[in-house]
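Below: the structure, in structure tokens.
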Amino acid sequence: MTTTPPPWPGDPLPERELELAAADRAVDALCRTRPEGGLLVYSGAAGIGKTSVLARVRARAAERCTVRTTRADPGTTAVPFHTARALFAPDLADTDGLAALLGPHRALAGPALGLTTPGEEPADPQGVQDALVALTARAARRHRARPLVLVLDDAHWADGESLGWLAALGPRLARLPLLLVVAHRPTEHAAEESRPHLDALGTAARLRVTLRALSPEAAAGLTRRALGTGADDALGRALWDATGGSPYELAELLARLCEHPLDPGADQATAVRELAATVRGHRLADRLGDLGPDAARLAWAAAVLGAGIPLRLAASLAGLSPGRQATATGELRAARVLNPGDTVDFTHPLVAGAVYDAVPRSLRTTFHGRAAWLLTAEGHSPAAAARHLLEVHPDQDPALVEQLRRAAREHLAVGAPDAARRCLERALREPPEHHLRAHVHHELGCAALLTSPADTVRHLRTALELPGLDDTLRADATFRLAQALAHNQQMREASLSVAFAAATTEPGPERLRLQAAHFMYDAFRATEDDGPGRSRRLAQLADPLAGETNAERALLTLRAFDGMLRGENHTVVAEFCERALTDGHPAPGLGWTDTAWGFEYPCLAGITYAWIDELDRAEELFGEAVRAYEISGWSGGHLAFAHMLTGAVLRRRGRLAEAETRLRESLRLADRIGTGLPVHWDAVCLLVDTLLARGRTADAQRLAEARGFGPPYPDAMILPDAPSVHGRLLLALGRTDEAVAALEAASAMAERGRHNPVWAPWRRDLAGALATRDPERARALTRRLRVDAERFGTPTALGMALGCEAGLAPAGAAPALHARAVAHLEESPARDELARARVALGLATGDRDQLHRGLLLARTCGADALAEQARSALA
């Protein structure tokens with residue numbers, strides 16, 4: 001029987017025609033005059049032929065496109081952004097075009113891609129991901145002449161950070177001149193944190209293909225091609241039975257049979273089964289023993305170090321001289337364990353996995369420890385060596401703990417908190433020296449703040465229970481603990497944690513910081529035991545302060561916010577804001593991106609301005625927030641909150657269409673980091689309020705139902721008052737009884753001493769709902785509303801109160817009240833309220849000029865239902 005070489009990539013791939021045709025169509029779409037990008041995902045078990053399909057896709061695409069390709073490796077799963085760096089390596093090596101490629105995101109993308117030194121502060125993970133998506137778009141546009149194709153094999157082993165980037169890129173690919181081709185094993189083979197990203201890629205794919213095993217007929221054809229036409233169908237069937245149609249195992253068996261043909265007199269089926277056992281699992285690794293100890297140790301060292309590491313380092317790890325390395329390398333290549341080249345490159349992931357599993361356990365641990373030392377000696381960062389340190393057995397090694405802590409800081413600085421968490425969790429198992437345990441728990445709690453508030457709470461509480469933290473770190477740990485509890489909707493626990501710490505901290509700056517936090521989290525609670533008492537204590541503490549330190553400024557900010565909610569005179573509230581700011585801006589250390597005090601204080605100052613009719617000041621502050629977060633790359637919850645606050649200002653101005661757009665953007669950003677966060681409740685509440693103001697009741701109802709807006713509300717206060725907004729929604733839907741009950745529940749604001757009639761306008765809506773069924777109660781509500789408005793004193797509050805009173809007044813008295821409402825609202829920045837007042841005045845008096853002016857203003861505001869009401873009256 002004559003033999004020919006076994007089937008390699010140059011030969012046709014049997015039973016893969018449809019999969020390759022789909023790739024051809026995708027490349028054709030990419031190369032059109034108007035390019036259409038996309039995403040192809042091939043999945044299947046190990047050895048099913050994914051790599052062969054991708055090799056053929058690469059070869060075909062390379063004729064017309066620029067192809068960037070890499071294969072993920074188990075050794076790099078724990079190395080953040082490794083896959084991203086590998087895919088863009090040729091572009092990153094182009095120093096002339098690098099600045100344009102990085103664009104305005106250099107400070108975020110540069111450290112993640114290993115181009116620049118990371119900063120001292122943690123990078124926002126969402127910001128880094130967005131920077132990489134923007135970089136990819138620029139790279140795609142640079143290669144328009146030969147469109148860009150990114151090919152990733154074995155994506156189940158890619159690091160989670162790179163997979164997160166690709167998952168975020170997926171939905172945008174149709175609008176980019178870029179084709180992404182991904183292959184991976186079933187998702188259960190991926191790390192737990194990577195599985196959602198693989199699922200997201202599958203959802204975004206224009207084609208998702210699960211590769212199947214080859215048929216017996218395909219196996220017979222490959223057998224004849226490899227062994228010659230004399231190979232009978234019985235041998236092909238025996239090979240198929242032995243391999244289950246696995247292309248990898250079939251190719252390996254055929255390669256063996258080319259070198260060592262079967263004895264013509266032997267039982268073919270038995271001989272094939274015995275031979276097949278040597279190309280899989282532990283029997284595959286046993287073949288190394290036939291090659292000698294040097295080859296085995298080199299293979300083991302290479303498997304520990306992972307793909308892409310120089311073979312000379314593997315030889316050093318194995319303890320081989322250059323001469324012995326050359327001999328062992330040749331033997332491993334001849335045995336089809338390693339591919340040719342100067343770096344570690346196994347012929348197949350199955351081979352690499354089998355070799356790694358075959359390394360004796362004690363030797364494997366030793367190799368990982370020495371590998372970390374070798375990489376550090378070669379100039380690699382602590383983060384690069386950290387993946388090996390994770391595999392070393394705990395041994396109370398202080399140096400290892402310090403290495404892992406440094407690696408964690410580096411991971412945080414490039415936007416990889418999950419990688420930092422793994423390092424610090426491993427450091428705890430070492431364990432650290434007794435006096436450092438609290439520090440490691442503190443660092444671990446801070447690392448988990450953006451990804452797992454529950455873990456943050458657990459570790460920070462442990463840190464506070466252990467000795468070792470000085471006063472500054474204890475205050476910081478308590479402050480971050482309260483932040484995590486607040487993000488987890490546990491406002492009462494957040495308040496109690498800082499209250500206890502303040503009571504046990506010596507007088508000084510840290511105690512004032514904790515006291516301010518206590519007042520803040522109490523203010524944020526939806527309910528509290530003694531709201532008026534807290535307000536009195538806050539006033540006693542803050543009123544004498546001049547605002548000379550950040551602690552004083554924080555307390556003055558809280559005093560202004562509390563005064564706004566209580567409905568104190570707006571000029572007094574504004575004076576507290578002035579003392580809390582420096583020339584109208586947050587003081588150094590209290591800015592939007594300063595982490596020591598948090599972003600809450602400038603937020604509260606801006607919110608206060610927004611509800612005392614100082615909307616220019618509020619818009620200036622929130623515009624600074626958006627710019628600060630965009631410049632710093634904070635595109636997660638902080639940017640979502642900044643857009644929500646800007647939307648709140650637009651809503652207060654009556655620019656309803658713009659407010660809706662900004663609030664939907666806030667929700668989009670917030671959805672990327674989870675659901676049920678405070679920013680979700682605020683944005684949904686404001687958006688429902690905005691849609692109702694526009695007259696789009698059905699849209700508001702759909703949003704409320706889709707987002708679960710309604711009771712029970714979280715423990716955190718919602719911006720603006722949620723029960724008031726929900727009651728107004730029910731009124732608009734005609735569900736008056738339910739609306740009255742909801743608005744009665746909103747009266748709890750008054751029980752807390754909060755009487756701002758603009759923040760919580762429940763009295764106005766409840767009076768309208770009770771106008772016919774309980775007119776006496778309705779009139780009592782309007783009288784109290786008028787008192788609150790006159791005390792607060794803003795034109796918006798006075799105009800709203802007078803308009804409400806006019807709506808319930810006798811026909812003879814109503815026009816004068818409507819006219820006074822219009823006069824006040826002409827001085828107000830709330831243009832939609834002025835439009836509503838003009839239309840009401842026109843309807844009450846028959847004044848067509850007022851109706852016409854109200855119609856034009858309603859159209860400008862986007863108050864569509866009000867505009868239609870005015871138009872109908874004019875008609």
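Counting from 1, the numbers follow the sequence of the chain as shown.
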If only atom types and distance count, is the side chain of [X] paired as donor or acceptor with the main-chain N or O of [Y] below 3.5 Å?
X: Asp124; Y: Gly127; value: yes
X: Thr70; Y: Leu87; value: no
X: Thr456; Y: Ala448; value: yes
X: Gln126; Y: Ile673; value: no
X: His197; Y: Ala167; value: no
X: Thr347; Y: Arg336; value: yes
X: Arg138; Y: Leu101; value: yes

Between [X] and [Y], which heavy-atom pair has the shortest distance, and what is it?
X: Ala26; Y: Leu40; answer: CB-CD1, 4.0 Å
X: Glu410; Y: Ser381; answer: OE2-OG, 2.8 Å
X: Val359; Y: Arg364; answer: O-NH2, 3.4 Å
X: Leu30; Y: Pro147; answer: CG-CB, 3.4 Å

I'd like to check [X] versus [Y] (side-chain heavy atoms, cut-off strictly below 4.5 Å). Are they in contact?
X: Val53; Y: Leu211; value: yes
X: Leu667; Y: His680; value: yes
X: Arg422; Y: Asp418; value: yes
X: Thr69; Y: Asp153; value: no
X: Leu703; Y: Phe709; value: no

Please evaluate residues Asp94 and Arg142 with respect to the criterion salt bridge (Lys or Arg N to Asp or Glu O under 4.0 Å), reporting the C-alpha separation (whole Å), side-chain torsions for both, the decisive distance (0.1 Å), and the verdict. CA-CA 12 Å; Asp94 177 15; Arg142 286 180 61 184; 3.0 Å; yes

Go through Val304 and His388 one step at a time and tell me if the side chain to side chain contact (heavy atoms under 4.5 Å, CB included) criterion holds. CA-CA 8 Å; Val304 167; His388 294 289; 4.3 Å; yes

Does the structure place the NZ or CZ of Arg68 under 6.0 Å from the centre of the six-membered ring of Phe88, at an angle of no more than 45° from the ring's axis?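 Here Arg68 fails the 6.0 Å and 45° test against Phe88.
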
Using the side chain to side chain contact (heavy atoms under 4.5 Å, CB included) rule, pick out the option among [options] that qualifies with [X].
X: Tyr42; options: Leu54, Val182, Ile48, Thr51; value: Leu54
X: Leu412; options: Pro118, Pro125, Cys423, Pro417; value: Pro417
X: Arg85; options: Leu115, Leu113, Thr76; value: Leu113

Heavy atoms from other residues, nucleotides or ligands near CD of Glu192 exceed 12 (cutoff 6.0 Å):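 Not buried by this count: 12 neighbours or fewer within 6.0 Å.
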
For Arg106, is the CZ atom crowded, meaning more than 12 foreign heavy atoms sit under 6.0 Å from it? no

Step by step, work out the side chain to side chain contact (heavy atoms under 4.5 Å, CB included) result for Arg421 and Leu444. CA-CA 6 Å; Arg421 173 183 52 78; Leu444 190 45; 3.8 Å; yes

Run the side chain to side chain contact (heavy atoms under 4.5 Å, CB included) test against Ala112 and tell me which residues pass, sequence neighbours left out. Phe81, Val128

Walk me through it: do Leu338 and Val351 pass the test side chain to side chain contact (heavy atoms under 4.5 Å, CB included)? CA-CA 9 Å; Leu338 291 179; Val351 176; over 6 Å; no

Would you mind listing every salt bridge (charged side-chain N to carboxylate O under 4.0 Å, His left out) that reaches into residues 160-180, with sequence neighbours excluded?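 Listed by first then second residue: nothing to list.
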
Between Phe641 and Asp682, is a side chain to side chain contact (heavy atoms under 4.5 Å, CB included) present by the stated rule, with each step listed? CA-CA 9 Å; Phe641 211 84; Asp682 292 337; 3.6 Å; yes

Got a salt bridge between [X] and [Y], using NZ or NE/NH1/NH2 to carboxylate O under 4.0 Å?
X: Asp154; Y: Lys50; result: no
X: Arg672; Y: Asp130; result: yes
X: Arg25; Y: Asp28; result: no
X: Asp671; Y: Arg668; result: no
X: Glu660; Y: Arg664; result: yes

